[in-house]
Amino acid sequence: MVAILGYSRPQILAAVQQMYTAVADAPTSPFHFPVGADASRRLGYPPERLAQLPAEVRDAFAGVGYPFRAAAIRRGDRVLDIGAGAGGDALIARQLVGPQGRVIALDLTAAMTRRLQQASERHDIEGLAVVQGSAEQLPLPDASIDSITSNGALNLVPDKRRAVVEMFRVLKPHGRVQLADVVIHRPVSVDCHEDPRLWVECVVGATVKEELVALFEEAGFEEVRVVGSHDYFALSPSAQTREIAAGFGAHSVELAMRRGAVRPAWFQRWRRRLDPRRWLRLGYRRGLLGMLAYLLALLSCYGTLALVALLPLLGVHLALDEGLWAGAIAAFVLLTLAVVASGLRLHHRPWPVLVGLAGTFLVLYALFVDYSMLVELGGFVLLASAVAWDICERRRHEAKMLGLTSMNPDASPPP
């Protein structure tokens, strides 16, 4: 469950339906993702809650977390379960809302809705409506739902922004949302769709965690917060799936939020989408600010040199203040070193910093003491190595933190 790229919307939907039809029809078959009651227990579902569910519902569980940790459902609520699957969460929600409440279980896969409908009729479950439909076009009127729950569905939706807008539309003002979903720590490259392993292993559709939170905030949801985190893919019986997921930092999170009173105007949504602080936080976490500072140092050094050499050919003569030029290069070099050094707080590995210090020393020596192109180039090569090393160590730290929080529902998410 990590990257919908390169495939058309019909292909994605067909693949999702084919996979979960197999789960509905034969839940005891081997899958590369965890299925069944044992998986739900390991993700945090209380045994007493699971004991109240029909066996056929427990056996086909295919969620990725425990969304009820957000406690979004109240007695008497009208609840929508998006991506209800076999119906475990819908039936738990039915217990929580009491006799005055109502639950609508919506799923894209006909086999899943049929399985849940049959279980509902067999066990005389009242106040539950089973609907086949898409999260991108919810078959409900505006402001008709008190709370929404979802478990492992959004990462399988091709148009996530549209699905989030639909959730906002059907919720009443200040309505509540709880969801569990798969997220990733690093963006998926555009050519990932060429790797057949990503499709064989169902590594499809997850979003970077910060981007997922921002998506809800742009739509008008408030108080969006992470209430739980799991190394969901550690439960996979497939070593290949675990390897691919670890490569992207894939894990599951549980989110809680509430709908704002009104949807933000278009300019407010775009302002949030383009907020530079959002991109700076993302870049800092991955060490990409170090790469940016390094590129600026290279540009200020060799880009300026090339510009000074080319301008006379165009009849333009530029007087270059060498002191100011050297100062700009030094500033970007020191900024690069500072970003690399900030990684110590995360991974506690001194080697990138030591390599960065050596590179910084060589560049500054060439700039202010005794210029040598070879010394300067050597310094930039060392700085590039330090930046790359720091990025790798940050990713290793994220993977380690995921392992530490694995199956610990009360642990905080990785910093």
Side-chain angles (χ1 to χ4, degrees), residues 1 16-70 73 79-96 103-120 122-123 125 128 130 132 135 148-156 178-182 202 204-206 228-238 241 245 250-255 406-407 409:
M1 302 178 183
V16 170
Q17 292 186 68
Q18 182 179 8
M19 177 180 301
Y20 289 97
T21 295
V23 175
D25 292 342
T28 58
S29 299
F31 295 97
H32 59 266
F33 52 90
V35 174
D38 182 61
S40 58
R41 281 192 295 270
R42 296 177 69 180
L43 288 170
Y45 281 77
E48 59 272 17
R49 284 289 183 197
L50 296 175
Q52 299 177 47
L53 301 179
E56 63 265 43
V57 170
R58 293 196 304 266
D59 292 344
F61 171 86
V64 301
Y66 180 53
F68 294 93
R69 204 179 313 281
I73 298 174
V79 179
L80 171 64
D81 183 358
I82 298 177
D89 286 2
L91 295 186
I92 292 176
R94 183 68 194 88
Q95 297 167 9
L96 293 173
V103 175
I104 301 169
L106 179 138
D107 199 89
L108 182 67
T109 307
M112 279 294 189
T113 56
R114 183 170 59 249
R115 184 185 181 94
L116 177 54
Q117 185 63 53
Q118 291 170 351
S120 175
R122 189 178 301 116
H123 297 277
I125 299 171
L128 176 69
V130 182
Q132 184 181 359
I148 290 176
T149 186
S150 181
N151 195 343
L154 195 57
N155 75 94
L156 299 174
Q178 59 177 41
L179 68 88
D181 221 296
V182 174
C202 186
V204 294
S229 178
H230 302 280
D231 186 1
Y232 165 73
F233 289 95
L235 302 181
S236 171
S238 167
T241 295
H251 62 294
S252 63
V253 293
E254 294 143 358
L255 300 179
S406 171
M407 302 308 100

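In this chain, numbering begins with 1 at the start of the sequence shown.
Using a 4.5 Å cut-off on side-chain heavy atoms (C-beta onward), F233 and V182 make contact. By the 4.5 Å heavy-atom criterion applied to side chains, H230 and R42 are not counted as neighbours.
Minimum heavy-atom separation, A39 to P34: CB-CB, 3.7 Å. The two residues E56 and H123 make their nearest non-hydrogen contact at OE2-NE2, 3.1 Å.
Under the 3.5 Å distance criterion, the side-chain polar atoms of T109 are left unmatched by any main-chain donor or acceptor of T21. With S252 contributing its side chain and V64 its backbone, the two residues share a donor-acceptor pair below 3.5 Å. A distance-only check finds no donor-acceptor pair linking the side chain of R69 to the backbone of G228 [under 3.5 Å]. Judged by distance alone, with hydrogens and angles left aside, the side-chain atoms of Q132 form no donor-acceptor pair with the main-chain N or O of D107 at under 3.5 Å. Between the R58 side chain and the L50 main chain, a donor and an acceptor come within less than 3.5 Å of each other.
Side-chain contact, Y45 with D89: a donor N or O sits under 3.5 Å from an acceptor N or O. A donor-acceptor contact closer than 3.5 angstrom links the side chains of Q178 and T149.
Counting non-hydrogen atoms of other residues, nucleotides and ligands closer than 6.0 Å to CD of Q18 gives a total of 12 or fewer.
Looking at N151, D38, V23 one by one, the single match for side chain to side chain contact (heavy atoms under 4.5 Å, CB included) with F61 turns out to be N151.
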Walk me through it: do D181 and L255 pass the test side-chain contact (heavy atoms from CB on, under 4.5 Å)? CA-CA 8 Å; D181 221 296; L255 300 179; over 6 Å; no
